[in-house]
Amino acid sequence: MALQEKYAELIQSATTMGVANLAVAEQDGVLHVSGTAKSTADYDALWALYNKIDPSMASGDLMMNIDIKADAGAQLKVTTDSTNLNIRSTPTTEGAIVGKAAHEEIVTLVEKTDDSWWKIKTANGEEGYAYAQYLSPL
Amino acid sequence: MKLTKLLMAIAIITTVSFVSCKPKDADIKAAVEAKLNAMPDMIKGATVDVTDGVATLSGECKDDMCKAECEKAAKEVKGVKSVVANFTLPAPPPPAVAPPASLTTTMDAAAQQKVKDGLKDIKGVTVTFEGDKAVLTGDVSKADRMKIMQMLAAAKVKSDVSKLGDKK
C-alpha cells in the first residue's frame, strides 16, 4: 500500500486522463501500473510525473507499462534523436535491415507485434519491424 | 456379615448386567469411526465422541450433502441414540493472485534480446542478466535514463537500476 501512496499523484493523473484498462498492483516491493494512454502527450506527462515523484527513477519500485493507443493504420512519428530508424525483417536487432525511416518521418502502423517491436510501413512501401521506443503515435 | 456379602453381590451383578445390556460408548465410538473412515472422499480428520449413546461428530466435510450422509451413517450404528454433527466445511481456496500484466515471468533469451536491442543506441550503459533481473551499469543523461526505464517497462522485465549513475 505504501507504494500506492507514494505514486498516488501518478495513479490519480492516469485515472483523470482516462488511461484505458488501467491496472495497479503491488508485488514484491514493486508497483505495477499498466494501461493504454490516449495520446503521446498523456504518456509523456505520466513519465514526467514518475520522474518527479521518484527523482532519477532510481528506486526501481515502479514498473510503468503504459502504452499509447494506436490501432493498425495509425500514423507514427519517428522519434529517434537524429538518426534513421532501422526497419528490420524480424522483431529483433538480429533481423536484416530491410529499410530505414528518417528522423521525424511519419510512418504507418501495421501491427503492434509486442510492446517492444511494432510492424510499420513507410510512405515508400518499406515494411518491417522497428523498435517501438522510437515511434510516437500522433 | 452374610447380608453385607449378599448386598455386595447384588450390587456387582446389577452393575455388570446394567452395563452389558447395551453397547458401551467406546464400542459405539469405534464403530462410528470405522464407518466414517470408510468414506475418505467425503470427510477428512473425522473425530467421534460418544457419551451415553450420544455421538458427537466433527471433521471437515466436503459439502452439505456429505454432512447429511455422515450423520445418517452414524445414526445407523447400533447403540447411537442421537447424533450431534459439528462438521466444518473446507475453507474456500484463497483467490488466485495473478501476476501483474506488466511483468514477464522469465528472463528468457527473447526478453534479454529486447533489453539489448533497446540499449543499442544508448551510449555508456552495459547490461548483465542476474537471475530474473536485468542489471544496468553506467552513467547516463536524464533523458537517456527515462528512455531506459521506458524500454525496460515495454520489455516487461525486472530490473536493477541502482548502479545507474548520472552523467556528469
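Numbered from 1 within each chain, the chains take letters A, B, ... in sequence-line order.
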Asks: Restricting to non-hydrogen atoms, name the atom on A:M57 and the atom on B:V161 that form the minimum distance, rounded to 0.1 Å.
Replies: O-CG2, 3.6 Å
Asks: Measure A:D67 against the heavy atoms of chain B and call it side chain, backbone, both or neither at under 4.5 Å.
Replies: neither
Asks: Looking only at heavy atoms and a cut-off of under 4.5 Å, which of A:V24, A:L62, A:T92 has the most pairs with chain B?
Replies: A:T92
Asks: Kindly compute the distance separating NZ (B:K114) from CG (A:D115), expressed to the nearest 0.5 Å.
Replies: 7.0 Å
Asks: Measure the NZ-CD distance between B:K158 and A:Q27 for me, rounded to the nearest 0.5 Å.
Replies: 7.0 Å
Asks: Quick one: what part of A:A48 sits under 4.5 Å from any heavy atom of chain B, side chain, backbone, both or neither?
Replies: backbone
Asks: So for A:D61, is it side chain, backbone, both, or neither that comes closer than 4.5 Å to the heavy atoms of chain B?
Replies: neither
Asks: Between atom CG of A:D54 and atom CE of B:M149, what is the distance when rounded to the nearest 0.5 Å?
Replies: 8.0 Å
Asks: Looking at B:D117 and A:R88, is any side-chain nitrogen of the basic one under 4.0 Å from a carboxylate oxygen of the acidic one?
Replies: no
Asks: Looking only at heavy atoms, which two atoms of B:L152 and A:M63 are closest? And how far apart?
Replies: O-SD, 4.4 Å
Asks: Between atom OG1 of A:T93 and atom NZ of B:K120, what is the distance when rounded to the nearest 0.5 Å?
Replies: 6.5 Å
Asks: Atom NZ of residue position A:K121 - does it have more than 12 heavy atoms of other residues, nucleotides or ligands inside 6.0 Å?
Replies: no
Asks: Atom OG of A:S116 and atom CD of B:Q150: how far apart are they, to the nearest 0.5 Å?
Replies: 12.0 Å
